[in-house]
Amino acid sequence: MTKGVNRRGVLLAGSGGAFGLFSWAAMAGAAPRKKTELKLDRLPGARPRNILVVLTDDHRYDAMGFMRAQSFGETPTLDRLAREGVHFRNAFVTTALCSPSRASIFTGLYAHQHKVVDNNHPIPPGLVFFPQHLQAAGYDTAFIGKWHMGDEGDQPQPGFAHWVSFKGQGTYLPSEDGLNVDGKRVPQKGYITDELTDYAIDWLGKRERSKPWFLHLAHKAVHSEFIPAERHKGRYDKETYRHPPTMAAGAEGRPAWVENQRNSWHGVGFPYHGTLDVGEYYKRYMETLLAVDEGLARIMDLLEQRGELDDTLILYMGDNGFMFGEHGLIDKRTAYEESMRIPMLARCPSLFGAGSRAVEQVVANIDVAPTLLAAAGLAAPKQMAGANALPLAQGKSVPWRSELLYEYYWERNFPQTPTVHALREDRYKYMHFHGIWDIDELYDLEADPHEANNLLARPGHEALAEQMSKKLFGILEQTGGMAIPLSADAGIRNDLRDPKGPAAAPYPPRFFRAPTEQLSALVRRLREGRSA
């Protein structure tokens with residue numbers, strides 16, 4: 001498995017001492033790890049904290065009440081986390097798709113390293129999840145909710161002593177599949193968000209105080225189709241959705257593949273191959289989120305009653321973002337901000353102090369594993385691509401990354417979006433596409449936060465694009481990412497277009513150039529097999 005890989009080790013994306021080397025040897029073994037192999041060095045003077053991770057699906061970075069993205073949408077509990085804890089204002093995923101992102105959360109690796117590159121790829125044998133290290137360190141561990149990583153199974157996974165999950169995406173309302181509770185089939189009784197919260201509260205209420213615990217609560221919400229709890233239906237019916245400024249068709253500098261996607265499964269012109277009002281869709285989205293916020297409040301109340309709240313690290317985050325009309329698109333997968341940017345909030349007064357703090361540095365899903373291991377008093381394995389973000393949350397000045405790699409690999413069942421690699425720096429973002437005849441994208445995020453002005457549509461920024469491209473491919477080469485993973489055909493092909501929908505986009509103007517005699521002569525020589 002390691003044949004042909006750069007044997008010097010891999011310099012991770014970023015700058016400074018927070019980042020180390022990746023060794024492919026950690027990925028080579030297929031046998032289950034022994035407990036002794038999973039034990040990590042302890043950080044001197046660190047005290048293990050209880051850890052609660054609440055992961056939501058498709059929750060975009062600004063869909064929280066205190067962010068004021070729209071004139072409606074209450075999230076009082078998330079607002080409380082921001083008010084009493086840390087808001088990572090620039091949090092991202094390295095792949096905006098369920099399974100790859102979740103695998104990155106649990107491994108601290110990029111998708112091209114852990115190999116779960118889409119929702120169909122199986123988990124490679126021997127892949128280690130950070131909860132296995134927590135177990136080896138004496139933690140009581142539980143997973144409750146949506147697993148959906150690599151296949152449609154819901155069987156218990158390594159690293160968790162208690163398990164509650166369901167097949168694939170699950171269903172908001174009870175279905176015949178039901179739940180898998182510690183390997184046994186159990187009927188789903190009610191609305192899934194409430195039921196998962198009930199399971200979490202039941203498990204937490206039985207914890208021994210002498211042993212640290214880790215709970216990963218992964219909600220189905222707010223994955224489409226959005227179905228709010230009965231008590232929340234219609235809450236926002238009378239509200240007005242402000243459509244994004246980039247939703248209009250025909251934007252100058254927009255790649256043809258993006259414009260063509262308007263008339264597709266993931267476009268505003270033919271959404272999910274039907275008719276859909278984006279504004280009404282967003283209202284259902286925010287109504288569906290209400291049960292998540294209420295459930296987290298119930299859990300925090302229990303922790304407070306047990307005297308554990310202020311000594312428990314609560315991390316709330318999304319597995320990827322979601323677009324509601326931006327660039328004429330819905331869903332995720334792209335490297336646009338609304339797709340790859342996520343909410344991330346943390347609260348633990350005993351670690352961070354009381355009061356609110358905003359972290360401006362770019363953090364990502366690959367940082368979750370090393371950060372939570374540090375909260376447990378453990379030194380992260382050197383092969384992790386991410387870094388410990390606890391010092392940032394504590395307001396310390398530490399070396400940190402200056403850029404973040406983004407990757408998405410084309411899926412045959414969702415052919416609208418090509419393979420994308422992007423490099424996001426603090427100011428600029430460069431997007432590079434594979435397998436299409438189109439222009440790349442370059443944005444000045446400081447002057448153009450909505451990514452409406454593609455700097456590569458006009459002359460003048462070629463040198464910057466070339467510089468960022470070299471940096472991007474340097475990171476890929478150094479981290480073993482120069483081979484595009486192939487996936488066998490899987491899933492229904494969502495490749496239709498509405499015959500009355502938006503027409504195909506023209507090629508970008510930069511591709512049009514009248515033939516010259518010099519070029520014509522060159523073509524003739526090549527056709528005749530002569531040297532140029």
Side-chain angles (χ1 to χ4, degrees), residues 12-13 22 26-27 51-61 88 90-119 121 123-124 127-135 139 141-151 157-160 163 165 214-223 292 313-322 332 339-346 362-376 378 380-381 383-390 393 401 404-408:
L12 298 171
F22 174 81
M27 301 290 288
I51 302 171
L52 167 65
V53 173
V54 179
L55 179 70
T56 43
D57 198 307
D58 290 353
H59 191 182
R60 54 186 278 155
Y61 78 100
F88 295 92
N90 291 293
F92 294 84
V93 295
T94 49
T95 306
L97 190 61
C98 288
S99 294
S101 179
R102 289 162 190 262
S104 290
I105 290 170
F106 278 121
T107 63
L109 301 173
Y110 285 110
H112 67 262
Q113 294 173 327
H114 60 60
K115 304 302 181 184
V116 184
V117 295
D118 58 27
N119 288 343
H121 261 74
I123 299 168
L127 190 65
V128 175
F129 307 133
F130 79 84
Q132 295 174 258
H133 297 300
L134 295 181
Q135 271 192 320
Y139 269 71
T141 60
F143 181 92
I144 298 175
K146 176 181 175 180
W147 178 250
H148 187 52
M149 189 178 12
D151 60 22
Q157 295 292 327
F160 300 103
W163 181 267
S165 191
F214 167 73
L215 170 61
H216 188 96
L217 174 57
H219 283 295
K220 171 180 171 57
V222 280
H223 192 278
V292 172
L313 172 56
I314 300 174
L315 176 66
Y316 179 95
M317 63 182 296
D319 68 344
N320 48 249
F322 201 87
K332 55 262 188 180
S339 171
M340 63 181 288
R341 197 169 173 185
I342 59 170
M344 185 180 285
L345 304 164
V362 169
V363 297
N365 54 352
I366 57 174
D367 299 323
V368 171
T371 299
L372 296 187
L373 288 173
L378 302 172
Q383 70 264 23
M384 287 187 175
N388 172 22
L390 286 187
R401 64 170 56 87
L404 181 70
L405 171 70
Y406 177 86
E407 58 186 336
Y408 165 79

Q. Going through the distances and angles, do F214 and F130 end up as a side-chain contact (heavy atoms from CB on, under 4.5 Å)?
A. CA-CA 11 Å; F214 167 73; F130 79 84; 3.7 Å; yes
Q: Might you work through the side-chain hydrogen bond (donor to acceptor under 3.5 Å, both in side chains) test for R341 and N90, ending with a clear yes or no?
A: CA-CA 7 Å; R341 197 169 173 185; N90 291 293; 3.3 Å; yes
Q.
For D58 and K220: C-alpha separation, side-chain torsions, deciding distance, then whether salt bridge (Lys or Arg N to Asp or Glu O under 4.0 Å) applies.
A. CA-CA 9 Å; D58 290 353; K220 171 180 171 57; over 6 Å; no
Q. Are S101 and N320 close enough, and set up right, to give a side-chain hydrogen bond (donor to acceptor under 3.5 Å, both in side chains), and what steps lead you there?
A. CA-CA 7 Å; S101 179; N320 48 249; 5.5 Å; no
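By the 4.5 Å heavy-atom criterion applied to side chains, I342 and D319 are not counted as neighbours. Considering only heavy atoms from C-beta on, T94 stays 4.5 Å or farther from P100 through its side chain. Within the 4.5 Å cutoff, the side chain of D57 has no heavy atoms near those of the V222 side chain. M149 has its side chain out of reach of N119: every pair of non-hydrogen atoms, C-beta onward, lies at least 4.5 Å apart.
Between the side chain of Y408 and the backbone N or O of D118, no donor-acceptor pair lies under 3.5 Å.
For the side chain to side chain donor-acceptor pair (under 3.5 Å) test, residues two or more places apart in sequence or in another chain that qualify with S104 are H114. When the side chain to side chain donor-acceptor pair (under 3.5 Å) test is applied to Y316, the partners found at least two apart in sequence or on another chain are T56, H59.
Under a cutoff of 6.0 Å and an axis angle of 45°, R60 and F322 do not form a cation-pi pair.
Among the candidates W147, F106, F143, the single residue satisfying the side-chain contact (heavy atoms from CB on, under 4.5 Å) test with Q157 is W147.
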